[in-house]
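In what follows, a single structure is set out as structure tokens and then discussed.
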Amino acid sequence: MKVVEKFTSINGEGVCAGELAVFVRFKGCNLRCSYCDTMWANEPECLYKEETPEEILNYVLGTGIHNVTLTGGEPLLQKDIRDLIHLLLQAGLQVEIETNGAVDLAAFCEERPVFTMDYKLPSSGCEEYMITKNMELLGKDDTVKFVSGSQEDLLKALELIRSYDLTNRCHVYLSPVFGAIEPVQIVEFMLKHRLNGVRLQIQMHKVIWDPDERGV
Ligand SMILES: C[S@@+](CC[C@H](N)C(=O)[O-])C[C@H]1O[C@@H](n2cnc3c(N)ncnc32)[C@H](O)[C@@H]1O
Ligand SMILES: Nc1nc2[nH]cc(C(=O)O)c2c(=O)[nH]1
Ligand code: SF4
Ligand SMILES: [Mg+2]
């Protein structure tokens, strides 16, 4: 598997935000979002270490931390990702996958990690690649995240939350594209539309550390 970084930190995003987590970041992505904060991991020349699922499991076990986040890049494009998910779950770890909404989740639903799935909104430039039937595969422990950079994005998120009844299916987060929209604008939008059951999320690691710092 093509690993570009592994580190321990607090999870800065999602339902486990604030808890310790081990991160494994994989190289390569099938999208190119306008705002991507880890585009370096998607570049063909990015250096990586080839590691087996067993080696990754051993690293994770060695940290003594129970939450594992697989991210990237797009982690579900790694050839051995199913083997890795299997090993981590078998070891009793809490496995979260950050995925971009452009990979069919049906293939990953037997042995179930927790999915944090983005729906890429208009300002990402990648909305056309969204596989909307993924929404129907999500359950109460999963999350749909709308990373929003404009009012147009927020209106699209609202439409999807309503049409898929997302707040009754899974966790729903609105998160600002870092630096593109003020969090208060999202709060105002939530109040205006009475978005009960939806949470605002700010990437906590970008508040704690320099926003461009890697490995945190
Ligand atoms: C770098 S992506 C990797 C996983 C997967 N490719 C995806 O997009 O979900 C991890 C998370 O960071 C979010 N993200 C990337 N750039 C961001 C930015 N500039 N501001 C806020 N969130 C960002 C993505 O939307 C995604 O939820
Ligand atoms: N601390 C921290 N938490 C995170 N949660 C999701 C991340 C990601 O890049 O997917 C991330 C990250 O890069 N750092
Ligand atoms: S899908 Fe994720 S990793 Fe890929 S470009 Fe978009 S934010 Fe970056
Ligand atoms: Mg990140």
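This is a predicted model, so every value here is computed, not measured. Atoms within each ligand, like the ligands themselves, are counted from 1 in listed order. Each residue takes its place number in the sequence, starting with 1.
- Side-chain contact annotation: Thr116 with Glu96, donor-acceptor N/O pair under 3.5 Å present.
- Tyr48 and Phe26 are members of different hydrophobic clusters when ILVMFWY side chains are connected at heavy-atom separations under 4.5 Å.
- Classification of Asp37 and Lys206 as a salt-bridged pair holds, one side-chain N sitting under 4.0 Å from a carboxylate O.
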Write out each pair where an N or O from ligand 2 and one from the protein are under 3.5 Å apart, with the distance.
{"residue": "ligand 2", "atom": "1 (N)", "partner": "Ile10", "partner atom": "O", "Å": "2.8"}
{"residue": "ligand 2", "atom": "1 (N)", "partner": "Val216", "partner atom": "O", "Å": "3.4"}
{"residue": "ligand 2", "atom": "3 (N)", "partner": "Gly12", "partner atom": "N", "Å": "2.9"}
{"residue": "ligand 2", "atom": "5 (N)", "partner": "Asn11", "partner atom": "OD1", "Å": "2.9"}
{"residue": "ligand 2", "atom": "9 (O)", "partner": "Arg25", "partner atom": "NH1", "Å": "3.1"}
{"residue": "ligand 2", "atom": "9 (O)", "partner": "Arg25", "partner atom": "NH2", "Å": "3.2"}
{"residue": "ligand 2", "atom": "10 (O)", "partner": "Thr71", "partner atom": "OG1", "Å": "2.7"}
{"residue": "ligand 2", "atom": "13 (O)", "partner": "Arg25", "partner atom": "NH2", "Å": "2.9"}
{"residue": "ligand 2", "atom": "14 (N)", "partner": "Val216", "partner atom": "O", "Å": "2.9"}

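- Judged purely by distance below 3.5 Å, without hydrogens or angles, the side chains of Asn30 and Glu74 never pair a donor atom with an acceptor atom.
- A salt bridge does not link Lys27 to Glu45: none of the charged nitrogens lies less than 4.0 Å from a carboxylate oxygen.
- With rounding to the nearest 0.5 angstrom, the NE2 atom of His86 is 11.0 Å from the CD atom of Glu110.
- Ligand-side atoms of ligand 3 in range of Gly73: 3 (S), range being under 4.0 angstrom from any heavy atom.
- Taking the six-membered ring where the residue is Trp, Phe146 and Tyr119 present tilted rings, their angle falling between 30° and 60°.
- Taking both residues in full, the closest heavy atoms of Asp142 and Leu137 are given as OD2-O, 4.3 Å, listed atom of the first, atom of the second, then distance.
- Within the protein, the number of N/O/S atoms found under 2.8 Å from atom 6 (Fe) of ligand 3 is 1.
- In this structure, the side chain of Asp153 engages the main chain of Ser123 through a donor-acceptor pair within 3.5 Å.
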